[in-house]
K.L.:
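Have a look at the structure that comes next, please.
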Amino acid sequence: MLTRKMRHLDSPVPDSTPDQRILAAIRALPCGQVASYGTIARRAGVPGRARLVARLLARNADPGLPWHRVLRADGRIAFPPDSDGFREQCRRLQAEGVVVQRGRVRLPAAEDDLDAALWRPR
DNA sequence: AGTATGACTCATC
DNA sequence: AGATGAGCCATAC
């Protein structure tokens, strides 16, 4: 039986939903590396949908998902500074060696995949 | 159908 | 660097 929804052509595009690709993009973040909601959205093929990323994280129940590596575009933690989420995220990041000061992390200057991957300071 | 609400982002000041 | 307002998109009422 073929899929119920016929594809226009049998396109080689991954048969995945934006949600799945976003989760994949987050899971693809290496330990100690961070990215903004917007960057995750872009990497997942849904540019401009940072809020979708945020919504997914808010609902996520998977304890293995490295949600703490996702920050706002300015490098700040998205939770209110006095919240449990904030503290937990800080703790997890620092446990990975990420420098967090005043709730802020220095994001890779060029959030491009290439630069972020190659420019990583030792 | 209209309004409010976010783990958002960007331009501007 | 902080504040503000507009844009944005999916859900919830």
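Throughout, a chain's letter reflects where its sequence line sits, starting with A, and its residues are numbered from 1. What you see below is based on every heavy atom in this structure, not just the backbone, and it leaves out hydrogens, waters and symmetry mates.
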K.L.:
How close do A/R27 and A/L65 get, counting heavy atoms only, and between which atoms?
P.N.:
CG-CD1, 3.6 Å
K.L.:
In whole Å, what is the span from the CZ atom of A/R59 to the C1' atom of B/dT5?
P.N.:
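From A/R59 CZ to B/dT5 C1': 13 Å.
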K.L.:
Just how far, in rounded Å, is C1' of C/dG2 from CZ of A/R76?
P.N.:
8 Å
K.L.:
Thinking salt bridges, do A/R92 and A/E96 make one under a 4.0 Å N-O criterion?
P.N.:
no
K.L.:
Looking at C/dA1, B/dA7, B/dT9, which one has an atom nearest to any side-chain atom of A/A50?
P.N.:
B/dT9
K.L.:
Reckon A/R55 touches a base, only the sugar-phosphate, or nothing at all at heavy-atom distances under 4.0 Å?
P.N.:
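Counting heavy atoms under 4.0 Å across all strands, the contact made by A/R55 is with sugar-phosphate only.
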K.L.:
To the nearest Å, give me how far apart CZ (A/R72) and C1' (C/dC8) are.
P.N.:
16 Å
K.L.:
Determine the Euclidean distance between corresponding C1' atoms of B/dG6 and C/dC8; express it in Å to zero decimal places.
P.N.:
12 Å
K.L.:
Rounding to an integer number of Å, can you tell me how far A/L56 CG sits from B/dG6 P?
P.N.:
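Roughly 18 Å, once rounded to whole Å.
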K.L.:
Please work out if A/R102 contacts a base, only the sugar-phosphate, or nothing of the nucleic acid, heavy-atom cut-off 4.0 Å.
P.N.:
nothing
K.L.:
So which atom in A/V98 and which in A/G32 form the shortest heavy-atom distance, rounded to 0.1 Å?
P.N.:
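Taking A/V98 first and A/G32 second, the nearest heavy atoms are CG2-O, 3.5 Å.
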K.L.:
Nearest to the A/S36 side chain among B/dT9, B/dA7, C/dG2, which nucleotide is it?
P.N.:
B/dT9
K.L.:
If you only use heavy atoms from C-beta on, which nucleotide in B/dA7, C/dC8, C/dG2 is closest to the side chain of A/W67?
P.N.:
B/dA7
K.L.:
Quickly work out the A/R51 CZ to B/dT9 C1' distance and round it to whole Å.
P.N.:
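A/R51 atom CZ is separated from B/dT9 atom C1' by 9 Å.
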K.L.:
Rounding to an integer number of angstrom, what distance separates C/dC13 and B/dA1 when you compare their C1' atoms?
P.N.:
12 Å
K.L.:
Looking at side-chain heavy atoms only, is the closest gap between A/V99 and A/V105 below 4.5 Å?
P.N.:
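They are not in side-chain contact.
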K.L.:
I'd like to check A/Q89 versus A/L93 (side-chain heavy atoms, cut-off strictly below 4.5 Å). Are they in contact?
P.N.:
yes
K.L.:
Quick one: A/F86 CZ to B/dA7 P, roughly how many Å, whole number?
P.N.:
15 Å
K.L.:
For the pair made of CD1 in A/I22 and P in C/dC9, what is the distance, rounded to whole Å?
P.N.:
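For the pair A/I22 CD1 and C/dC9 P, the rounded distance is 13 Å.
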K.L.:
Quick one: A/R49 CZ to C/dC9 P, roughly how many Å, whole number?
P.N.:
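Rounded to the whole Å, the gap is 7 Å.
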